[in-house]
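Before any comments, here is the structure.
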Number of protein chains: 2
Amino acid sequence: MLIFVLMLSFTEENYLKSLFQLTVETALKEEAGTNELAAHLGVKPATANDMLKKLKEKKLIKYEKYGKSSLTKEGKKIAIDVIRKHRLWETFLFEKLEFSWDEVHEVAEQLEHIQSKKLIDQLDKLLNYPVSDPHGDPIPNAKGELLILHQHTLAEELVGHQCKMTGVKDNSSAFLKYVDQLGLAINKNIKVIARHHYDDLIEIEVNGKRISVSPKFAENIFVVCTACKKKSKR
Amino acid sequence: MLIFVLMLSFTEENYLKSLFQLTVETALKEEAGTNELAAHLGVKPATANDMLKKLKEKKLIKYEKYGKSSLTKEGKKIAIDVIRKHRLWETFLFEKLEFSWDEVHEVAEQLEHIQSKKLIDQLDKLLNYPVSDPHGDPIPNAKGELLILHQHTLAEELVGHQCKMTGVKDNSSAFLKYVDQLGLAINKNIKVIARHHYDDLIEIEVNGKRISVSPKFAENIFVVCTACKKKSKR
DNA sequence: TTAATTTGTTAGACTAGCCTAACAATAATA
DNA sequence: TATTATTGTTAGGCTAGTCTAACAAATTAA
């Protein structure tokens, strides 16, 4: 028996998810601009503009002409649900179907829109209620509670800190393969040795070896520092 | 890395699947009419007509104005692939996620359109290469080979025959629940006792008990008869 | 504080997939 | 075979989601 609480298209779900990722999740701000959102979704600003009006009409976002946009409580709930599904599917592909961590994202982008509460709850159970996906990102639980880690990117000022890698920002296959190549992985210990201001490279120690990474690379690696660990909550 | 051999929409895939189910699979004919196809898909004939022209353009079907339609070799390949995915997902939901056989169809209708060869091959492996889904329908293998069973429906003239239930034609939840209620299930032995021409009911013996079923019901139950079993091939 | 740049909006157009209403061809039947 | 019924097609219209091009507002910099 289908219950039509609110039937959203794949597209609408993707807009809500993007908005969540650009605001709440990165925890840096509450709102996102139209161009920023359009770029994140790979569409033109004019297209995003139309959708913002539509989502406002449905009371899923707050939006005023020429202003920034933010999720309403209801919009946030839906966004978190999509993210939960995405990350559970990634975990399933990785744990049960022998996918590598650079392969899971693309397929999960499709699977995240399947509508079936039972499917997701059973998947969660099959995987034994995982708390994070293969990229280290937290999986919201069935109540929509999401662990927001107080993590840094390796590009921040962390010289001398002893850190542990917790995740990646860029989920592209190309980036993840590069991460593998360099011997980095989730839960690896990383010590930040120096920042070379001459060419902006960041020198780190991992697996007992010293390597240098670009700022662009470092920006996409999440870590927590053993020293400045803050408590996290779901 | 995505390979764009031919990117079909969900809708296009559904038209090919329907055409396959109305022709090759039921093995009764090679072609289907526009209205028949439209009815099967739940759209108006005018809508189906547009799509038939489009699929002809893509060389996936044979179609001439005012004529019946049939699948080309390429179209058949795609249809079988969609059916393979549908039935593997049904099996997965039933075997691994505690779905009942009347719940799997609806969700598999969504899952069948996910594009990922690796996903399906791994799912097949996880399920240990099943040959039939929870409704008894054969699952095409990775090469697209499909077991066509020489089965009858219970509505055919089978008085006196000892049969075994092999599947159902109607996959709706309502019908399947009714099948459960009557104590019928795949692999149950069924003996056809009589056809009562007064009210058209068909009397059968199952689980040591005699029950009567309507022609409408009987039409949706597939059986093989121990006497007239023919060899099947994939 | 004006000018330049960035950011956001509007208008108009296109495609896919659906519809209805009117019509044309084919098939069934009297 | 002529008529009726069925089946299939065309024309025109709708919505969702996309685009480009032109323009307007807001922000940044001179």
Parallel, tilted or perpendicular: which describes the rings of A:F92 and B:F92, with under 30° parallel and over 60° perpendicular?
-> tilted
From D:dT9, C:dT10, D:dT10, nucleotide with atom closest to A:K65 side chain = C:dT10
Under 4.0 Å between a side-chain N or O of A:N49 and OP1 or OP2 of C:dG8?
-> no
Please give, in whole Å, the distance from D:dA16 P to A:K53 NZ?
-> 14 Å
Pairing residues for B:F94 by the side-chain contact (heavy atoms from CB on, under 4.5 Å) criterion, not counting sequence neighbours | B:W101, B:V104, B:P134
Kindly say whether B:K59 contributes a backbone atom to a donor-acceptor pair with the side chain of B:T72 at under 3.5 angstrom?
-> yes
Ion pair check, A:K56 and A:E64, cut-off under 4.0 Å | yes
Give each protein N/O atom lying under 3.5 Å from an N/O atom of nucleotides 18-25 of chain C, with the pair distance.
unit_1 : atom_1 : unit_2 : atom_2 : d
C:dC19 : OP2    : B:K44  : N      : 2.9
C:dC19 : OP2    : B:T47  : OG1    : 2.7

Rounding to a whole Å, what distance do you find between A:E64:CD and D:dA25:P?
-> 16 Å
Atom pair distance, as rounded to whole Å: CG in A:L37 and C1' in C:dT7 = 13 Å
So what does B:Y63 hit on the nucleic acid, given a heavy-atom distance under 4.0 Å: a base, only sugar-phosphate, or nothing?
-> sugar-phosphate
Aromatic plane relationship, A:F10 with A:H113 - under 30° parallel, 30 to 60° tilted, over 60° perpendicular = parallel
May I ask you to check whether A:H40 and A:E36 show a side-chain donor-acceptor distance below 3.5 Å?
-> no
